[in-house]
Asker: 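Sending over a structure as structure tokens; questions will come in a sec.
Atoms within each ligand, like the ligands themselves, are counted from 1 in listed order.
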Amino acid sequence: MSDPNPEEPQHQQPHAQPATWVERDAAVVWHGFTQMSAYAGNAPLVIDRAEGRELIDADGRRYLDAISSLWVNTLGHHVPELDAALVAQAGKVAHSTMLGNGNTVVVELAEALAPVVPVDDPHFLFAADGAVAVEQALKIAFQYWVNRGVTGRNSFLALGDAYHGDTIGSLSLGDGGVFSAVFEPLCFPVVRTPGYVDPGWADKACAAIEAHAEELAAVVIEPLVQGASGMLCASASDVRRLGEACRQAGTLLICDEVATGFGRTGTLFASEQCGLRPDLMCVGKGITGGYLAMSSTVASGEVFGAFLGADLGPETFYHGHSYGGNALAAAVALEHLRLVQAWDVLGNVRARADQLSSLLGERVAGRAEVREVRQRGLMVGVELDPPAPGLRWGRQVCAGAVARGVLLRPLGDVVVLMPPLTTTADEIVRIVDALDGGLDDLAGASSAAT
Ligand SMILES: Cc1ncc(COP(=O)(O)O)c(C=O)c1O
């Protein structure tokens, strides 16, 4: 198009400030679980790179990743051995479909996982996200009974405060709450018994399992820790009793170890501490050390066997995802499992968990702003005790920690501490210092207000 006013003097445009990373981000990216109208104003970090257990933002500031990048990271970031495994696999093949075909590194991964998962004669159906691993488990449990010719076993028992992911099936198992209430009309009903906050939860669950024995396809739990509801903890013996009730009632047990799996609670899987051998187990998050999206539904040989039949027959599990069994993710997961064993990562989890427990006991648990500290291994919830609802203490304390160079993110008024599993003694001190500082800020603000 030609200039409509060729005689007009050309006005020099003032130099526009280059957009910041946050502005560029807010203009085109939609962040999950985030109100985008408030996103840019909430001082988000835009991460550019990482070293060890520290994330480095676009301005070069460093933050200790004390939430393991939403509970996925295990060995730290930029681990040379994992980087090398990724590069080596990229030199072979990045991805090939698992539908009707195989891939050597996925076979190797399943072979390496088989002896360490607490599932008898395990078979692995790989996917990419934890919620999908749960979704697959639900459908497998449902079809298992159909394939066996048993009618009526088509409902699920799930616990109060449960969280299993954000797809419609996993949301149906979850105990709702304000964030998912809008989707309730889409969800299917489940038998719901109280969660781990109720000291009698196991008795009530066992009684309901017995009462609904003929209707239940499966019982679904997060063994030992209900993570997303604020690190609510159960005793191993109570969880074991629930497992026994499932056996007695002949229903399947699904253990969702998406959060607890791969070492967080001090054993490779929380089910081990509870003496459970679930029929189906869901894993995700830490399986690749936090590198790549991978999850798996692990089925026992007994469950898997019910799906064998004629080619293209009705027993087949007609379900699969394009990126299920991604070769890059499998190569990293395989190397990750080797490192967890070679570096005695679980020994470090137990030692650092003990240290964290004593430090929190000395410096945090008795503070007036704190209602309760809950911990299993390196999964910790510090529940705050605000004097009134809506004060956003969780957010404020985490903002105080971030200002001190430690990345924390709350679940409501529960501050979650979940450092990577290779965290050091010095880093544990740094985390507690930052949390303590965030609590001091609160205390300072409330005394200034009075
Ligand atoms: C116990 C549990 N199950 C499932 C999920 C969902 O996993 P994803 O976010 O990978 O879909 C989560 C996520 O936090 C979880 O804690």
Asker: Checking the N or O distance criterion of under 3.5 Å, is ligand 1 in contact with Trp71?
Answerer: no
Asker: Within the 4.5 Å heavy-atom criterion, are Ile428 and Thr423 side-chain neighbours or not?
Answerer: yes
Asker: For the residue pair Tyr323 and His321, is the inter-centroid distance of their aromatic rings smaller than 6.0 Å?
Answerer: no
Asker: Which atom pairs, one a donor and one an acceptor, fall under 3.5 Å between side chains of residues 405-421 and the rest of the protein, sequence neighbours left out?
Answerer:
from	atom 1	to	atom 2	distance (Å)
Asp413	OD1	Trp393	N	3.3
Asp413	OD1	Gly394	N	2.9

Asker: Using a plain distance cutoff, I'd like to know if Ala228 has any nitrogen or oxygen under 3.5 Å from a nitrogen or oxygen of ligand 1.
Answerer: no
Asker: Return yes when at least one protein heavy atom is under 4.0 Å from atom 9 (O) of ligand 1, and no when none is.
Answerer: no
Asker: For a quick check under 3.5 Å, do Asp120 and Ser300 share a side-chain donor-acceptor pair by atom type?
Answerer: no
Asker: Would you mind running through ligand 1 and noting each atom that sits below 4.0 Å from a heavy atom of Ala131?
Answerer: 6 (C), 7 (O), 8 (P), 11 (O)
Asker: Decide side chain to side chain contact (heavy atoms under 4.5 Å, CB included) for Leu356 and Val432; before the verdict, give the C-alpha distance in whole Å, the side-chain angles of both, and the deciding distance to 0.1 Å.
Answerer: CA-CA 8 Å; Leu356 184 54; Val432 176; 3.7 Å; yes
Asker: Using non-hydrogen atoms of the residue, decide whether Gln226 is closer than 4.0 angstrom to ligand 1.
Answerer: no
Asker: Are any of the N/O atoms on Glu222, whether in the backbone or the side chain, positioned under 3.5 angstrom from an N/O atom of ligand 1?
Answerer: no
Asker: Which atoms of ligand 1 sit under 4.0 Å from any heavy atom of Ala259?
Answerer: 16 (O)
Asker: Not counting sequence neighbours, list each pair that qualifies as a ring pair (Phe, Tyr, Trp, His ring centres under 6.0 Å) and has a residue in residues 220-265.
Answerer: Phe262-Phe269
Asker: By number and element, which atoms of ligand 1 are closer than 4.0 Å to a non-hydrogen atom of Asp256?
Answerer: 1 (C), 2 (C), 3 (N), 4 (C)
Asker: Run the numbers for me: atoms of ligand 1, each under 4.0 Å from some heavy atom of Gly165, listed by number.
Answerer: 4 (C), 6 (C)
